[in-house]
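Comments concern the structure below.
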Amino acid sequence: MAEPRKEYHARIWVKLTDDLLPGPVLSKDELEAHLIEGLNVGHPEAPIVSLKVEDPSDTRIRRR
């Protein structure tokens, strides 16, 4: 059996509702920037190292 590790990767899906988002409606890039800033993504002491926003209505994105 493998030993537990300290570092893992996690993928978290969140349905973003009106109460979680600022108004007016944001573009995908604006939303990504808003979340990166708000969550301190990529800062040395932040637990979140990266973030990517996907639009579920964009059929060009293939689910893994």
Side-chain angles (χ1 to χ4, degrees):
M1 185 182 297
E3 291 292 320
R5 296 173 8 148
K6 184 175 179 180
E7 184 177 312
Y8 290 90
H9 294 249
R11 185 176 286 180
I12 301 169
W13 284 265
V14 178
K15 185 174 184 176
L16 299 171
T17 58
D18 290 341
D19 59 326
L20 293 173
L21 297 174
V25 176
L26 302 174
S27 71
K28 182 179 90 55
D29 292 335
E30 290 169 329
L31 174 58
E32 194 169 281
H34 172 75
L35 293 173
I36 286 171
E37 181 180 341
L39 297 171
N40 291 324
V41 174
H43 289 225
E45 296 183 21
I48 302 171
V49 295
S50 67
L51 180 142
K52 180 180 178 184
V53 172
E54 294 179 353
D55 183 350
S57 67
D58 187 350
T59 57
R60 295 175 299 167
I61 297 173
R62 292 191 176 167
R63 301 285 172 174
R64 293 180 195 165

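The first residue of the sequence shown is numbered 1, and numbering continues consecutively from there. Only heavy atoms go into these numbers, but all of them, side chains included; no hydrogens, no water, no symmetry mates.
Ala46 meets the side chain to side chain contact (heavy atoms under 4.5 Å, CB included) test with Asn40, His43; sequence neighbours excluded. Remark: Glu30 engages Leu26, Ser27 in a side chain to side chain contact (heavy atoms under 4.5 Å, CB included) (not counting sequence neighbours). The side chain to side chain contact (heavy atoms under 4.5 Å, CB included) check on Leu51 picks up Glu32, Leu35, Ile36, Leu39, Val41, Val53, with sequence neighbours excluded.
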